[in-house]
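Have a look at the structure below before the remarks.
Keep in mind the model is a prediction, meaning the values are calculated, not measured. In what follows, chains are A, B, ... by sequence order, proteins preceding strands, each numbered from 1. Both backbone and side-chain heavy atoms feed into the values below; hydrogens, waters and symmetry mates do not.
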Number of protein chains: 2
Amino acid sequence: MLTPERHRKIIERLGEKQVVTIQELVEATSSSESTIRRDLSQLQKEKKLKRVHGGASLLHQKSEELSVVEKSARNSSEKEKIAHFAANIVNDGDCIYIDAGTTTHLMIPHLKDKEITVVTNGISHLDALIDHQITTYVVGGLVKPKTKALVGSGALNSLSSYRFDKCFMGINGIHLDAGFTTPDPEEAAVKRLAISLSQEVFILADYSKFNEASFSKVADLNEAVIITNELDEDAAYDFEDKTNIRVVTP
Amino acid sequence: MLTPERHRKIIERLGEKQVVTIQELVEATSSSESTIRRDLSQLQKEKKLKRVHGGASLLHQKSEELSVVEKSARNSSEKEKIAHFAANIVNDGDCIYIDAGTTTHLMIPHLKDKEITVVTNGISHLDALIDHQITTYVVGGLVKPKTKALVGSGALNSLSSYRFDKCFMGINGIHLDAGFTTPDPEEAAVKRLAISLSQEVFILADYSKFNEASFSKVADLNEAVIITNELDEDAAYDFEDKTNIRVVTP
DNA sequence: TTGTTTTTGATTGAATTTGATTGTTTTTGA
DNA sequence: TCAAAAACAATCAAATTCAATCAAAAACAA
(Lines give C-alpha, C1' and ligand atoms only; values in the text may rest on other atoms or scores of the structure.)
Protein backbone atom coordinates (compact mmCIF):
# COMPACT_ATOMS: atom_id res chain seq x y z
CA MET A 1 0.00 0.00 0.00
CA LEU A 2 1.38 3.35 -1.09
CA THR A 3 2.13 6.15 1.30
CA PRO A 4 -0.54 8.62 0.13
CA GLU A 5 -3.05 5.83 0.17
CA ARG A 6 -2.24 5.11 3.78
CA HIS A 7 -2.36 8.78 4.68
CA ARG A 8 -5.70 9.16 3.04
CA LYS A 9 -7.05 6.21 4.95
CA ILE A 10 -5.81 7.60 8.22
CA ILE A 11 -7.40 10.98 7.64
CA GLU A 12 -10.56 9.31 6.49
CA ARG A 13 -10.86 7.30 9.66
CA LEU A 14 -10.18 10.35 11.74
CA GLY A 15 -12.99 12.13 9.98
CA GLU A 16 -15.32 9.35 10.91
CA LYS A 17 -14.38 8.77 14.48
CA GLN A 18 -12.28 11.65 15.82
CA VAL A 19 -9.68 9.20 17.09
CA VAL A 20 -7.81 6.22 15.73
CA THR A 21 -5.56 3.76 17.43
CA ILE A 22 -2.31 2.72 15.88
CA GLN A 23 -3.33 -0.88 16.22
CA GLU A 24 -6.41 -0.23 14.16
CA LEU A 25 -4.43 1.44 11.44
CA VAL A 26 -1.92 -1.37 11.37
CA GLU A 27 -4.73 -3.74 10.58
CA ALA A 28 -6.49 -1.45 8.17
CA THR A 29 -3.39 -0.89 6.09
CA SER A 30 -1.67 -4.19 6.76
CA SER A 31 1.57 -2.42 7.41
CA SER A 32 3.77 -2.36 10.47
CA GLU A 33 3.56 -0.30 13.61
CA SER A 34 6.74 1.53 12.66
CA THR A 35 5.29 2.63 9.37
CA ILE A 36 2.12 3.90 10.94
CA ARG A 37 4.13 5.80 13.54
CA ARG A 38 6.13 7.46 10.81
CA ASP A 39 2.93 8.31 8.96
CA LEU A 40 1.41 9.87 12.03
CA SER A 41 4.53 11.89 12.74
CA GLN A 42 4.56 13.19 9.22
CA LEU A 43 0.85 13.99 9.18
CA GLN A 44 1.29 15.80 12.47
CA LYS A 45 4.05 17.88 10.97
CA GLU A 46 1.65 18.74 8.17
CA LYS A 47 -0.91 19.79 10.77
CA LYS A 48 -3.35 17.19 9.61
CA LEU A 49 -3.79 15.58 13.00
CA LYS A 50 -2.49 15.44 16.52
CA ARG A 51 -0.62 12.49 17.86
CA VAL A 52 -1.80 11.08 21.16
CA HIS A 53 -0.57 8.16 23.15
CA GLY A 54 -1.73 5.07 21.32
CA GLY A 55 -2.86 6.76 18.16
CA ALA A 56 -3.97 10.13 16.80
CA SER A 57 -6.84 12.55 17.11
CA LEU A 58 -8.42 15.27 15.05
CA LEU A 59 -6.58 18.54 15.19
CA HIS A 60 -8.74 21.58 15.06
CA GLN A 61 -11.90 20.63 16.79
CA LYS A 62 -14.87 22.86 16.31
CA SER A 63 -14.69 25.83 18.61
CA GLU A 64 -16.53 23.97 21.28
CA GLU A 65 -15.60 23.50 24.85
CA LEU A 66 -12.95 21.02 25.59
CA SER A 67 -15.29 18.91 27.63
CA VAL A 68 -17.48 18.35 24.63
CA VAL A 69 -14.50 17.36 22.59
CA GLU A 70 -13.33 15.05 25.27
CA LYS A 71 -16.73 13.54 25.41
CA SER A 72 -16.90 12.81 21.73
CA ALA A 73 -13.42 11.38 21.83
CA ARG A 74 -14.36 9.28 24.76
CA ASN A 75 -17.53 8.20 23.09
CA SER A 76 -15.76 7.00 20.05
CA SER A 77 -13.20 4.99 21.90
CA GLU A 78 -16.07 3.44 23.77
CA LYS A 79 -17.80 2.85 20.51
CA GLU A 80 -14.72 1.05 19.42
CA LYS A 81 -14.86 -1.21 22.44
CA ILE A 82 -18.49 -1.95 21.82
CA ALA A 83 -17.81 -2.73 18.20
CA HIS A 84 -14.93 -4.98 19.11
CA PHE A 85 -17.06 -6.86 21.58
CA ALA A 86 -19.80 -7.24 19.00
CA ALA A 87 -17.37 -8.56 16.42
CA ASN A 88 -16.24 -11.25 18.83
CA ILE A 89 -19.76 -12.61 18.95
CA VAL A 90 -19.48 -13.52 15.30
CA ASN A 91 -18.40 -17.09 14.61
CA ASP A 92 -16.96 -18.76 11.57
CA GLY A 93 -19.72 -19.82 9.24
CA ASP A 94 -22.12 -17.10 10.34
CA CYS A 95 -24.18 -15.07 7.92
CA ILE A 96 -24.59 -11.66 9.43
CA TYR A 97 -26.26 -8.38 8.60
CA ILE A 98 -24.40 -5.20 9.35
CA ASP A 99 -26.50 -2.08 9.26
CA ALA A 100 -25.23 1.20 7.88
CA GLY A 101 -23.70 3.49 10.47
CA THR A 102 -20.49 4.52 12.12
CA THR A 103 -20.62 2.23 15.13
CA THR A 104 -21.18 -0.89 13.11
CA HIS A 105 -18.46 0.24 10.75
CA LEU A 106 -15.97 -0.19 13.55
CA MET A 107 -16.76 -3.87 13.70
CA ILE A 108 -15.32 -4.56 10.30
CA PRO A 109 -11.61 -4.58 11.10
CA HIS A 110 -12.28 -7.09 13.83
CA LEU A 111 -14.02 -9.47 11.44
CA LYS A 112 -10.88 -9.81 9.41
CA ASP A 113 -9.97 -13.44 9.80
CA LYS A 114 -13.40 -14.91 10.15
CA GLU A 115 -15.02 -17.07 7.52
CA ILE A 116 -18.31 -15.29 7.28
CA THR A 117 -20.81 -13.85 4.88
CA VAL A 118 -21.89 -10.30 5.38
CA VAL A 119 -24.93 -8.52 4.04
CA THR A 120 -25.14 -4.77 4.43
CA ASN A 121 -27.06 -1.70 3.38
CA GLY A 122 -24.13 0.59 4.16
CA ILE A 123 -22.21 1.76 1.15
CA SER A 124 -19.45 3.14 3.32
CA HIS A 125 -18.82 -0.32 4.65
CA LEU A 126 -18.06 -1.84 1.29
CA ASP A 127 -14.50 -0.71 0.84
CA ALA A 128 -13.52 -1.90 4.28
CA LEU A 129 -15.28 -5.22 3.82
CA ILE A 130 -13.60 -5.83 0.51
CA ASP A 131 -10.26 -4.77 1.94
CA HIS A 132 -10.63 -7.39 4.60
CA GLN A 133 -11.55 -9.99 2.02
CA ILE A 134 -14.93 -10.69 3.49
CA THR A 135 -17.63 -12.19 1.28
CA THR A 136 -20.05 -9.32 0.94
CA TYR A 137 -23.57 -8.96 -0.36
CA VAL A 138 -25.19 -5.59 -0.78
CA VAL A 139 -28.82 -4.81 -0.42
CA GLY A 140 -30.22 -2.85 -3.35
CA GLY A 141 -32.23 0.33 -3.18
CA LEU A 142 -32.07 4.09 -3.13
CA VAL A 143 -28.87 5.69 -1.90
CA LYS A 144 -29.46 8.23 0.85
CA PRO A 145 -26.76 10.78 0.12
CA LYS A 146 -26.35 11.90 3.70
CA THR A 147 -25.88 8.59 5.43
CA LYS A 148 -24.92 6.54 2.37
CA ALA A 149 -27.44 3.96 3.45
CA LEU A 150 -29.61 1.99 1.09
CA VAL A 151 -33.31 2.33 1.75
CA GLY A 152 -36.72 2.08 0.15
CA SER A 153 -38.68 -0.74 -1.39
CA GLY A 154 -35.67 -1.89 -3.36
CA ALA A 155 -33.77 -2.43 -0.15
CA LEU A 156 -36.68 -4.20 1.48
CA ASN A 157 -37.27 -6.53 -1.44
CA SER A 158 -33.65 -7.29 -1.81
CA LEU A 159 -33.22 -7.88 1.91
CA SER A 160 -36.17 -10.20 2.18
CA SER A 161 -34.44 -12.93 0.24
CA TYR A 162 -31.82 -13.41 2.92
CA ARG A 163 -31.76 -14.93 6.39
CA PHE A 164 -29.22 -14.09 9.05
CA ASP A 165 -27.69 -15.81 12.02
CA LYS A 166 -27.00 -12.47 13.61
CA CYS A 167 -27.65 -8.86 12.80
CA PHE A 168 -25.90 -5.80 14.17
CA MET A 169 -27.17 -2.27 14.13
CA GLY A 170 -26.66 1.09 15.70
CA ILE A 171 -29.58 3.04 17.06
CA ASN A 172 -30.41 6.57 18.15
CA GLY A 173 -32.70 6.05 21.08
CA ILE A 174 -33.35 3.37 23.66
CA HIS A 175 -36.34 4.15 25.80
CA LEU A 176 -38.44 2.11 28.19
CA ASP A 177 -41.69 3.12 26.56
CA ALA A 178 -40.68 3.98 23.02
CA GLY A 179 -38.35 1.04 22.50
CA PHE A 180 -35.59 1.35 19.90
CA THR A 181 -35.97 4.44 17.75
CA THR A 182 -34.18 6.21 14.94
CA PRO A 183 -34.90 9.51 13.17
CA ASP A 184 -35.38 8.29 9.63
CA PRO A 185 -38.52 6.27 8.88
CA GLU A 186 -37.05 4.70 5.80
CA GLU A 187 -33.97 3.48 7.55
CA ALA A 188 -36.18 2.28 10.36
CA ALA A 189 -38.13 0.14 7.91
CA VAL A 190 -34.95 -1.51 6.70
CA LYS A 191 -33.82 -2.14 10.26
CA ARG A 192 -37.17 -3.65 11.14
CA LEU A 193 -37.04 -6.07 8.28
CA ALA A 194 -33.44 -7.04 8.99
CA ILE A 195 -34.39 -7.76 12.58
CA SER A 196 -37.24 -9.98 11.52
CA LEU A 197 -34.92 -11.96 9.28
CA SER A 198 -32.31 -12.55 11.92
CA GLN A 199 -32.12 -15.24 14.56
CA GLU A 200 -30.24 -13.04 16.99
CA VAL A 201 -30.36 -9.29 17.05
CA PHE A 202 -27.71 -7.04 18.56
CA ILE A 203 -28.03 -3.32 19.08
CA LEU A 204 -24.79 -1.43 19.53
CA ALA A 205 -25.26 1.63 21.70
CA ASP A 206 -23.20 3.67 24.09
CA TYR A 207 -24.77 5.06 27.23
CA SER A 208 -25.73 8.35 25.60
CA LYS A 209 -28.49 6.57 23.70
CA PHE A 210 -30.35 5.42 26.77
CA ASN A 211 -33.53 7.19 27.77
CA GLU A 212 -33.60 8.91 24.43
CA ALA A 213 -36.41 8.56 21.94
CA SER A 214 -36.45 9.46 18.29
CA PHE A 215 -39.10 9.61 15.58
CA SER A 216 -39.37 6.14 14.12
CA LYS A 217 -39.77 3.00 16.13
CA VAL A 218 -37.59 0.11 15.08
CA ALA A 219 -38.39 -2.55 17.63
CA ASP A 220 -39.44 -3.28 21.16
CA LEU A 221 -36.78 -3.51 23.79
CA ASN A 222 -37.20 -7.25 24.21
CA GLU A 223 -36.50 -7.95 20.57
CA ALA A 224 -32.79 -7.39 20.73
CA VAL A 225 -29.72 -7.76 22.86
CA ILE A 226 -28.16 -4.43 23.67
CA ILE A 227 -24.40 -4.24 23.62
CA THR A 228 -23.26 -1.29 25.64
CA ASN A 229 -20.50 -0.38 27.99
CA GLU A 230 -21.65 1.74 30.82
CA LEU A 231 -24.91 2.32 32.60
CA ASP A 232 -25.47 3.98 35.89
CA GLU A 233 -27.14 2.07 38.68
CA ASP A 234 -30.62 3.46 38.34
CA ALA A 235 -30.82 3.10 34.62
CA ALA A 236 -29.44 -0.39 34.79
CA TYR A 237 -32.09 -1.32 37.28
CA ASP A 238 -34.88 -0.04 35.06
CA PHE A 239 -33.62 -1.54 31.87
CA GLU A 240 -32.56 -4.90 33.14
CA ASP A 241 -36.14 -5.79 33.81
CA LYS A 242 -37.24 -5.11 30.33
CA THR A 243 -34.23 -5.82 28.21
CA ASN A 244 -31.40 -8.16 27.64
CA ILE A 245 -28.33 -6.05 28.14
CA ARG A 246 -24.83 -7.24 27.64
CA VAL A 247 -22.29 -4.86 29.08
CA VAL A 248 -18.83 -4.70 27.64
CA THR A 249 -16.32 -5.05 30.41
CA PRO A 250 -14.13 -2.00 30.32
CA MET B 1 0.72 0.11 -26.70
CA LEU B 2 1.15 3.71 -27.82
CA THR B 3 2.35 6.43 -25.52
CA PRO B 4 -0.83 8.57 -25.44
CA GLU B 5 -2.84 5.45 -24.85
CA ARG B 6 -0.70 4.59 -21.87
CA HIS B 7 -0.96 8.11 -20.52
CA ARG B 8 -4.69 8.04 -20.87
CA LYS B 9 -4.88 4.77 -19.00
CA ILE B 10 -2.75 6.10 -16.19
CA ILE B 11 -4.86 9.21 -15.73
CA GLU B 12 -7.99 7.17 -15.95
CA ARG B 13 -6.91 4.86 -13.15
CA LEU B 14 -5.95 7.80 -11.04
CA GLY B 15 -9.39 9.28 -11.51
CA GLU B 16 -10.87 6.13 -10.10
CA LYS B 17 -8.59 5.27 -7.26
CA GLN B 18 -6.52 8.37 -6.41
CA VAL B 19 -3.41 6.21 -6.34
CA VAL B 20 -1.77 3.74 -8.67
CA THR B 21 1.27 1.57 -8.22
CA ILE B 22 3.85 1.22 -10.91
CA GLN B 23 3.46 -2.52 -10.74
CA GLU B 24 -0.22 -2.20 -11.46
CA LEU B 25 0.43 -0.03 -14.49
CA VAL B 26 3.08 -2.37 -15.80
CA GLU B 27 0.48 -5.10 -15.84
CA ALA B 28 -2.29 -2.95 -17.22
CA THR B 29 -0.22 -1.70 -20.12
CA SER B 30 2.05 -4.72 -20.52
CA SER B 31 5.03 -2.49 -20.82
CA SER B 32 8.16 -2.32 -18.73
CA GLU B 33 8.82 -0.59 -15.48
CA SER B 34 11.19 1.84 -17.14
CA THR B 35 8.56 2.95 -19.58
CA ILE B 36 6.01 3.54 -16.87
CA ARG B 37 8.56 5.52 -14.88
CA ARG B 38 9.22 7.72 -17.86
CA ASP B 39 5.49 8.18 -18.37
CA LEU B 40 4.99 9.17 -14.77
CA SER B 41 7.87 11.61 -14.87
CA GLN B 42 6.48 13.24 -17.95
CA LEU B 43 2.93 13.41 -16.63
CA GLN B 44 4.26 14.93 -13.46
CA LYS B 45 6.04 17.61 -15.45
CA GLU B 46 2.71 18.30 -17.14
CA LYS B 47 1.12 18.66 -13.70
CA LYS B 48 -1.23 15.80 -14.34
CA LEU B 49 -0.23 13.84 -11.27
CA LYS B 50 2.25 13.59 -8.45
CA ARG B 51 4.84 10.90 -8.27
CA VAL B 52 5.17 9.06 -5.01
CA HIS B 53 7.40 6.24 -3.96
CA GLY B 54 6.01 3.17 -5.66
CA GLY B 55 3.62 4.90 -8.02
CA ALA B 56 1.66 8.11 -8.44
CA SER B 57 -1.17 9.94 -6.79
CA LEU B 58 -3.68 12.57 -7.75
CA LEU B 59 -2.51 16.11 -7.51
CA HIS B 60 -5.41 17.38 -5.45
CA GLN B 61 -7.45 14.87 -3.59
CA LYS B 62 -10.58 16.97 -3.18
CA SER B 63 -13.42 15.77 -5.32
CA GLU B 64 -14.04 19.23 -6.71
CA GLU B 65 -10.55 19.59 -8.00
CA LEU B 66 -10.45 15.99 -9.02
CA SER B 67 -12.71 16.86 -11.87
CA VAL B 68 -10.17 19.43 -12.97
CA VAL B 69 -7.62 16.71 -13.27
CA GLU B 70 -10.11 14.55 -15.04
CA LYS B 71 -10.74 17.42 -17.36
CA SER B 72 -7.14 17.63 -18.40
CA ALA B 73 -7.18 13.95 -19.18
CA ARG B 74 -10.49 14.43 -20.86
CA ASN B 75 -9.45 16.03 -24.12
CA SER B 76 -6.72 13.58 -24.83
CA SER B 77 -8.74 10.54 -24.07
CA GLU B 78 -10.73 8.63 -26.62
CA LYS B 79 -12.72 6.87 -23.97
CA GLU B 80 -13.50 10.20 -22.47
CA LYS B 81 -14.91 11.48 -25.74
CA ILE B 82 -17.04 8.42 -26.05
CA ALA B 83 -18.29 8.80 -22.51
CA HIS B 84 -19.01 12.49 -23.04
CA PHE B 85 -20.96 11.76 -26.16
CA ALA B 86 -22.94 9.08 -24.37
CA ALA B 87 -23.75 11.41 -21.52
CA ASN B 88 -25.17 13.93 -23.94
CA ILE B 89 -27.71 11.40 -25.09
CA VAL B 90 -29.24 11.47 -21.64
CA ASN B 91 -32.18 13.85 -21.23
CA ASP B 92 -33.80 15.38 -18.20
CA GLY B 93 -36.33 13.00 -16.79
CA ASP B 94 -34.60 9.88 -18.02
CA CYS B 95 -34.14 6.80 -15.92
CA ILE B 96 -30.90 5.20 -16.98
CA TYR B 97 -28.81 2.19 -16.11
CA ILE B 98 -25.06 2.60 -15.91
CA ASP B 99 -23.13 -0.62 -15.87
CA ALA B 100 -20.02 -1.13 -13.78
CA GLY B 101 -16.80 -0.37 -15.60
CA THR B 102 -14.23 2.27 -16.30
CA THR B 103 -15.62 3.67 -19.52
CA THR B 104 -19.08 4.22 -18.13
CA HIS B 105 -17.52 5.79 -15.06
CA LEU B 106 -16.32 8.65 -17.21
CA MET B 107 -19.91 9.54 -18.06
CA ILE B 108 -20.73 10.56 -14.53
CA PRO B 109 -19.17 14.03 -14.37
CA HIS B 110 -21.06 14.92 -17.54
CA LEU B 111 -24.38 14.00 -15.98
CA LYS B 112 -23.94 16.58 -13.29
CA ASP B 113 -26.71 19.03 -14.01
CA LYS B 114 -29.28 16.67 -15.42
CA GLU B 115 -32.45 15.73 -13.60
CA ILE B 116 -32.20 12.01 -13.93
CA THR B 117 -32.43 8.79 -12.02
CA VAL B 118 -29.54 6.39 -12.25
CA VAL B 119 -29.46 2.70 -11.44
CA THR B 120 -26.10 0.98 -11.32
CA ASN B 121 -24.35 -2.22 -10.29
CA GLY B 122 -20.99 -0.49 -10.03
CA ILE B 123 -19.87 0.25 -6.52
CA SER B 124 -17.06 2.45 -7.75
CA HIS B 125 -19.60 4.72 -9.38
CA LEU B 126 -21.44 5.52 -6.20
CA ASP B 127 -19.16 8.11 -4.71
CA ALA B 128 -19.02 10.06 -7.94
CA LEU B 129 -22.78 9.83 -8.42
CA ILE B 130 -23.45 11.07 -4.91
CA ASP B 131 -20.89 13.83 -5.26
CA HIS B 132 -22.70 15.05 -8.34
CA GLN B 133 -26.00 14.91 -6.50
CA ILE B 134 -27.61 12.44 -8.82
CA THR B 135 -30.51 10.34 -7.59
CA THR B 136 -29.00 6.90 -7.43
CA TYR B 137 -30.35 3.41 -6.96
CA VAL B 138 -28.09 0.46 -6.45
CA VAL B 139 -28.73 -3.06 -7.53
CA GLY B 140 -28.20 -5.60 -4.76
CA GLY B 141 -26.12 -8.72 -4.93
CA LEU B 142 -22.70 -10.18 -4.36
CA VAL B 143 -19.74 -7.84 -4.55
CA LYS B 144 -17.07 -9.03 -6.93
CA PRO B 145 -13.90 -7.85 -5.22
CA LYS B 146 -11.89 -7.43 -8.39
CA THR B 147 -14.25 -5.32 -10.45
CA LYS B 148 -16.41 -4.05 -7.61
CA ALA B 149 -19.45 -4.98 -9.63
CA LEU B 150 -22.60 -6.44 -8.17
CA VAL B 151 -23.59 -9.78 -9.63
CA GLY B 152 -25.53 -12.93 -8.94
CA SER B 153 -29.16 -13.71 -8.36
CA GLY B 154 -29.47 -10.84 -5.92
CA ALA B 155 -28.46 -8.44 -8.62
CA LEU B 156 -30.79 -10.00 -11.16
CA ASN B 157 -33.78 -9.99 -8.84
CA SER B 158 -33.12 -6.50 -7.73
CA LEU B 159 -32.62 -5.29 -11.27
CA SER B 160 -35.78 -6.86 -12.59
CA SER B 161 -37.99 -4.46 -10.71
CA TYR B 162 -36.79 -1.50 -12.72
CA ARG B 163 -37.33 -0.24 -16.25
CA PHE B 164 -34.96 2.07 -18.06
CA ASP B 165 -35.21 4.63 -20.79
CA LYS B 166 -31.59 4.06 -21.67
CA CYS B 167 -28.82 1.82 -20.53
CA PHE B 168 -25.07 2.28 -20.98
CA MET B 169 -22.43 -0.37 -20.74
CA GLY B 170 -18.87 -1.13 -21.65
CA ILE B 171 -17.96 -4.36 -23.35
CA ASN B 172 -14.87 -6.41 -24.06
CA GLY B 173 -15.53 -7.78 -27.50
CA ILE B 174 -17.59 -6.81 -30.53
CA HIS B 175 -17.55 -9.48 -33.17
CA LEU B 176 -19.63 -10.11 -36.26
CA ASP B 177 -20.38 -13.68 -35.32
CA ALA B 178 -20.00 -13.71 -31.55
CA GLY B 179 -21.86 -10.45 -30.94
CA PHE B 180 -21.13 -8.52 -27.76
CA THR B 181 -19.02 -10.52 -25.32
CA THR B 182 -17.38 -10.12 -21.93
CA PRO B 183 -15.12 -12.45 -19.94
CA ASP B 184 -17.23 -12.91 -16.83
CA PRO B 185 -20.42 -14.96 -17.15
CA GLU B 186 -21.96 -13.46 -14.07
CA GLU B 187 -21.44 -9.92 -15.19
CA ALA B 188 -22.73 -10.93 -18.60
CA ALA B 189 -25.96 -12.13 -17.04
CA VAL B 190 -26.47 -8.79 -15.36
CA LYS B 191 -25.77 -6.97 -18.59
CA ARG B 192 -28.22 -9.15 -20.47
CA LEU B 193 -30.99 -8.45 -18.04
CA ALA B 194 -30.29 -4.73 -17.99
CA ILE B 195 -30.46 -4.70 -21.77
CA SER B 196 -33.81 -6.47 -21.77
CA LEU B 197 -35.18 -3.89 -19.36
CA SER B 198 -34.11 -0.90 -21.34
CA GLN B 199 -35.81 0.84 -24.22
CA GLU B 200 -32.58 1.96 -25.79
CA VAL B 201 -29.26 0.25 -25.32
CA PHE B 202 -25.87 1.89 -25.81
CA ILE B 203 -22.57 0.08 -25.85
CA LEU B 204 -19.51 2.24 -25.24
CA ALA B 205 -16.45 0.84 -26.97
CA ASP B 206 -13.28 2.17 -28.47
CA TYR B 207 -11.97 0.65 -31.65
CA SER B 208 -9.77 -1.87 -29.87
CA LYS B 209 -12.86 -3.86 -28.94
CA PHE B 210 -13.88 -4.55 -32.52
CA ASN B 211 -13.30 -7.99 -33.97
CA GLU B 212 -12.54 -9.29 -30.52
CA ALA B 213 -14.52 -12.04 -28.86
CA SER B 214 -14.58 -13.02 -25.23
CA PHE B 215 -16.10 -15.86 -23.24
CA SER B 216 -19.64 -14.84 -22.39
CA LYS B 217 -22.14 -13.54 -24.87
CA VAL B 218 -24.11 -10.52 -23.78
CA ALA B 219 -26.21 -9.71 -26.79
CA ASP B 220 -26.46 -9.80 -30.55
CA LEU B 221 -25.02 -6.92 -32.47
CA ASN B 222 -28.43 -5.63 -33.52
CA GLU B 223 -29.63 -5.25 -29.97
CA ALA B 224 -27.64 -2.16 -29.16
CA VAL B 225 -26.30 1.06 -30.54
CA ILE B 226 -22.53 1.16 -30.44
CA ILE B 227 -20.92 4.41 -29.48
CA THR B 228 -17.37 4.49 -30.72
CA ASN B 229 -14.89 6.90 -32.13
CA GLU B 230 -12.82 5.39 -34.85
CA LEU B 231 -13.20 2.56 -37.27
CA ASP B 232 -11.18 1.86 -40.32
CA GLU B 233 -12.91 1.63 -43.68
CA ASP B 234 -13.08 -2.13 -43.95
CA ALA B 235 -14.34 -2.72 -40.49
CA ALA B 236 -16.88 0.01 -40.82
CA TYR B 237 -18.21 -1.56 -43.98
CA ASP B 238 -18.62 -4.95 -42.33
CA PHE B 239 -20.20 -3.68 -39.19
CA GLU B 240 -22.52 -1.13 -40.62
CA ASP B 241 -24.54 -3.83 -42.25
CA LYS B 242 -25.17 -5.63 -39.05
CA THR B 243 -25.10 -2.95 -36.43
CA ASN B 244 -26.20 0.48 -35.58
CA ILE B 245 -23.01 2.40 -35.02
CA ARG B 246 -22.81 5.95 -33.90
CA VAL B 247 -19.37 7.41 -34.33
CA VAL B 248 -18.22 10.22 -32.11
CA THR B 249 -16.97 13.07 -34.22
CA PRO B 250 -13.32 13.62 -33.40
C1' DT C 1 15.77 -0.23 -49.06
C1' DT C 2 19.30 2.48 -45.88
C1' DG C 3 20.52 5.54 -42.31
C1' DT C 4 18.74 8.34 -38.51
C1' DT C 5 15.98 9.25 -34.63
C1' DT C 6 13.01 7.79 -31.06
C1' DT C 7 11.31 4.61 -27.92
C1' DT C 8 11.80 0.70 -25.24
C1' DG C 9 13.47 -2.69 -21.77
C1' DA C 10 17.29 -4.50 -19.12
C1' DT C 11 20.99 -3.51 -15.85
C1' DT C 12 23.43 -1.14 -12.43
C1' DG C 13 24.44 1.09 -8.09
C1' DA C 14 22.21 4.67 -5.23
C1' DA C 15 18.39 6.15 -2.49
C1' DT C 16 14.27 5.34 -0.04
C1' DT C 17 11.06 2.82 2.55
C1' DT C 18 10.03 -0.81 5.51
C1' DG C 19 9.62 -3.91 9.55
C1' DA C 20 12.09 -5.74 13.44
C1' DT C 21 14.67 -4.80 17.56
C1' DT C 22 16.53 -2.15 21.10
C1' DG C 23 16.16 0.31 25.38
C1' DT C 24 13.40 4.18 27.29
C1' DT C 25 9.19 6.55 28.61
C1' DT C 26 4.40 6.70 29.61
C1' DT C 27 0.21 4.71 31.15
C1' DT C 28 -2.36 1.53 33.81
C1' DG C 29 -4.15 -0.86 37.70
C1' DA C 30 -3.27 -2.91 41.94
C1' DT D 1 3.14 4.37 45.38
C1' DC D 2 4.96 0.79 42.67
C1' DA D 3 5.41 -2.74 39.13
C1' DA D 4 3.67 -4.59 34.94
C1' DA D 5 2.04 -3.47 30.50
C1' DA D 6 1.76 -0.71 26.69
C1' DA D 7 3.49 2.69 23.70
C1' DC D 8 7.37 5.19 22.33
C1' DA D 9 11.78 6.96 19.62
C1' DA D 10 15.94 5.50 17.69
C1' DT D 11 18.47 2.44 15.02
C1' DC D 12 19.67 -0.97 11.58
C1' DA D 13 19.46 -4.42 8.03
C1' DA D 14 16.62 -6.09 4.30
C1' DA D 15 13.63 -5.16 0.69
C1' DT D 16 11.90 -2.20 -2.53
C1' DT D 17 12.05 1.52 -5.57
C1' DC D 18 14.66 4.87 -7.95
C1' DA D 19 17.51 7.41 -11.67
C1' DA D 20 20.99 6.82 -14.98
C1' DT D 21 22.89 4.37 -18.63
C1' DC D 22 23.14 1.66 -22.71
C1' DA D 23 22.06 -1.55 -26.29
C1' DA D 24 18.29 -3.41 -28.97
C1' DA D 25 13.99 -2.60 -31.25
C1' DA D 26 10.78 0.21 -33.52
C1' DA D 27 9.36 4.17 -36.02
C1' DC D 28 10.59 7.38 -39.19
C1' DA D 29 12.58 9.82 -43.36
C1' DA D 30 14.96 9.98 -47.45
Distance check needed: [N] [atom2] versus [X] [atom1], whole Å only.
X: A:I36; N: C:dT18; atom1: CD1; atom2: C1'; result: 12 Å
X: B:R37; N: C:dT11; atom1: CZ; atom2: P; result: 15 Å
X: B:Q23; N: C:dG9; atom1: CD; atom2: P; result: 14 Å
X: B:Q42; N: C:dT6; atom1: CD; atom2: C1'; result: 13 Å
X: A:H7; N: C:dT17; atom1: NE2; atom2: P; result: 10 Å

| message | By nearest heavy atom, map B:D39 and B:H53 onto DNA chain C; which one lands nearer the 5' end? | response |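 The residue mapped nearer the 5' terminus is B:D39.
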| field | Paired nucleotide for C:dT8 [Watson-Crick or G-U wobble; both distances under 3.5 Å] | value |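 By the stated definition (distances under 3.5 Å), D:dA23 pairs with C:dT8.
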| query | If we call it a pair only when both distances are under 3.5 Å in a Watson-Crick or G-U wobble match, what pairs with D:dC8? | reply |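 In the structure as shown, D:dC8 has C:dG23 as its Watson-Crick or wobble partner.
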| said: With nearest nucleotide decided by heavy atoms, which residue, A:E33 or A:L2, maps closer to the 5′ end of DNA chain D? | reply: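 Mapping each residue to its closest nucleotide by heavy atoms, the 5'-most match is A:E33.
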| said: Assuming nearest nucleotide by heavy-atom distance, tell me which of B:V52 and A:G55 is located more 5' along DNA chain D. | reply: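 Its nearest nucleotide lies further toward 5', so the answer is A:G55.
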Return the minimal non-hydrogen interatomic distance between [X] and [Y], and the atom names on each side.
X: B:S57; Y: A:P4; result: CB-CG, 3.9 Å
X: A:I108; Y: A:H132; result: CG2-ND1, 3.8 Å
X: A:Y207; Y: A:T228; result: N-OG1, 3.9 Å

| Hey, where on DNA chain D does chain B first and last touch, going 5' to 3'? Cut-off is any atom under 4.0 Å from a heavy atom. |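 Both ends considered, the range comes out as D:dT17 to D:dA19.
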| C:dG19, C:dT18, C:dT8: which one has an atom nearest the side-chain heavy atoms of A:S31? |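 Of the candidates, C:dG19 comes closest.
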| message | Under 4.0 Å, heavy atoms only, any strand: does B:S41 hit a base, just the sugar-phosphate, or nothing? | response |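 Answer is nothing: B:S41 stays at 4.0 Å or more from every strand.
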| request: Would you classify A:V26 as touching base, sugar-phosphate or nothing, given that sugar-phosphate means primed atoms plus P, OP1 and OP2, and contacts are heavy atoms under 4.0 Å? | output: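 No contact at all - A:V26 keeps every heavy atom at 4.0 Å or more from the nucleic acid.
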Is there a side-chain polar atom (N or O) of [X] under 4.0 Å from OP1 or OP2 of [N]?
X: B:S34; N: C:dG9; value: no
X: A:R6; N: C:dT17; value: no
X: A:T35; N: C:dG19; value: yes

| query | When rounded to the nearest 0.5 angstrom, what is the spacing between NE2 in B:H175 and OG in B:S214? | reply |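 Rounded to the nearest 0.5 Å, the NE2-OG separation comes to 12.0 Å.
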| query | What's the verdict on side-chain contact (heavy atoms from CB on, under 4.5 Å) for B:E12 and B:H7, showing C-alpha distance, side-chain angles and the deciding distance? | reply | CA-CA 8 Å; B:E12 184 185 312; B:H7 286 197; over 6 Å; no
| Hey, what's the ring geometry for A:H105 with A:H125, parallel, tilted or perpendicular (30° and 60° as the breaks)? |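 Judged by the thresholds at 30° and 60°, the geometry between A:H105 and A:H125 is tilted.
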| Going by the angle between their ring planes, with limits at 30° and 60°, are B:H110 and B:H84 parallel, tilted or perpendicular? |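 It falls in the parallel class, under 30°.
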